[in-house]
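One is the number of the first residue; the rest follow in order along the sequence. What you see is a predicted model, and the numbers here were worked out from it, not measured in a lab. Heavy atoms only: backbone and side chains are in, while hydrogens, waters and symmetry mates are out.
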Amino acid sequence: MHPIILLNLTSMLNMASGWLIVFVLLLLMLVALVLGRKVGVFISLKTGDAQDNAKPLAAAVFALTAFLLVFAFNMSGTRYDARREALISEANAIGTAILRADLYPDSVRKELRRGFNEYLEARISFYTVGPQFDSARYWMSQSEAAGKKLWATATTYARATNTIVPTGK
């Protein structure tokens, strides 16, 4: 097959939903099963051979369908676990950063708290918009901007004082 055709097919499959791919493959397997059965009946009527060879084929198609469903559920479970671990890791990092913000003087602490509130609101909105990609991109950019402001505040204070950064390990 030509590489450009393979590239287009790959990009189409990457953009398609997993459930859509499973449904289309299941439908194609069932259509192939019915067509194969009809061709087998036609050939057996033409040759006079009355053997029914479709039963092993049907069993194989349904076994492949079962494997496909098992892999689809396994992949979705793995993605769920990975997303859950990422959320827990992010929540722990944010909690640690908020606690370390208490080590700064009151003027900087208040500014950092305000920044953390903006950041948290943007992250919560990002995770609650669901599959609305435009909204997700917007909230991701908002959280990145709030994170950059937080980092700028912390680095500005660290450069302004002659002491060791209080949040360093």
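Remark: side-chain polar atoms of Ser89 are not paired, donor with acceptor, to backbone N or O of Glu85 under 3.5 angstrom.
Linking ILVMFWY side-chain heavy atoms closer than 4.5 Å, directly or via other members, places Met140 and Leu87 in a single hydrophobic cluster. By the rule that hydrophobic residues join a cluster once side-chain heavy atoms approach within less than 4.5 Å of another member, Leu99 and Val108 end up as members of separate clusters. No chain of hydrophobic side-chain contacts below 4.5 Å, direct or via other Ile, Leu, Val, Met, Phe, Trp or Tyr residues, connects Ile124 to Ile94. A continuous path of Ile, Leu, Val, Met, Phe, Trp and Tyr side chains, each step under 4.5 Å between heavy atoms, connects Leu68 with Ile21, placing both in one hydrophobic cluster.
Residues Phe126 and Ala136 come closest through the heavy atom pair CD1-O, 3.3 Å. Considering all non-hydrogen atoms of both residues, Leu112 and Ala101 come closest at CD1-CB, 4.0 Å. The two residues Gly115 and Ala146 make their nearest non-hydrogen contact at O-CB, 4.4 Å. When all heavy atoms are compared, the tightest approach of Ala97 to Phe116 is CB-CZ, 3.5 Å. In terms of heavy atoms, Tyr157 sits closest to Pro105 at OH-CG, 3.1 Å.
Contact of the Glu118 side chain with the Lys149 side chain is registered, since non-hydrogen atoms from C-beta on lie closer than 4.5 Å. Looking only at side-chain heavy atoms (C-beta outward), Val129 and Asp134 stay at 4.5 Å or farther from each other. Taking the side chain as every heavy atom from C-beta outward, Glu90 and Tyr127 approach each other to under 4.5 Å. You'll find the side chain of Phe62 reaches within 4.5 Å of the side chain of Leu30, heavy atoms only.
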request  = Might you work through the side chain to side chain contact (heavy atoms under 4.5 Å, CB included) test for Thr153 and Arg114, ending with a clear yes or no?
outcome  = CA-CA 11 Å; Thr153 302; Arg114 232 178 292 115; over 6 Å; no
ask   = Should Ile88 and Arg84 be marked as a side chain to side chain contact (heavy atoms under 4.5 Å, CB included) after you check the CA-CA gap, both sets of side-chain angles, and the distance that decides it?
value = CA-CA 6 Å; Ile88 290 170; Arg84 184 174 161 261; 4.2 Å; yes
inquiry  = Go through it in stages, so that I can follow the logic: the residues are Glu121 and Gln142, the test is side chain to side chain contact (heavy atoms under 4.5 Å, CB included), and I'd like the CA-CA distance, side-chain angles, deciding distance and then a yes or no.
reply    = CA-CA 9 Å; Glu121 290 298 323; Gln142 291 296 326; over 6 Å; no
Evaluation steps, side-chain hydrogen bond (donor to acceptor under 3.5 Å, both in side chains), between Tyr119 and Glu144 = CA-CA 8 Å; Tyr119 181 78; Glu144 287 174 358; over 6 Å; no
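Residue Phe23 places its CZ atom among 12 or fewer non-hydrogen atoms of other residues, nucleotides or ligands, all under 6.0 Å distant.
Here the options are Leu25, Val70, Leu26, the test is side chain to side chain contact (heavy atoms under 4.5 Å, CB included), and the partner is Thr65; only Leu26 passes.
The CZ atom of Arg113 sits 4.5 Å away from the CG atom of Asp102 when rounded to the nearest 0.5 Å. Residue Glu111 holds its CD atom at 9.0 Å from CG of Leu150, rounded to the nearest 0.5 Å.
Ion pairing between a basic and an acidic side chain is recognised when a charged N comes within 4.0 Å of a carboxylate O; Asp106 and Arg109 show such pairing.
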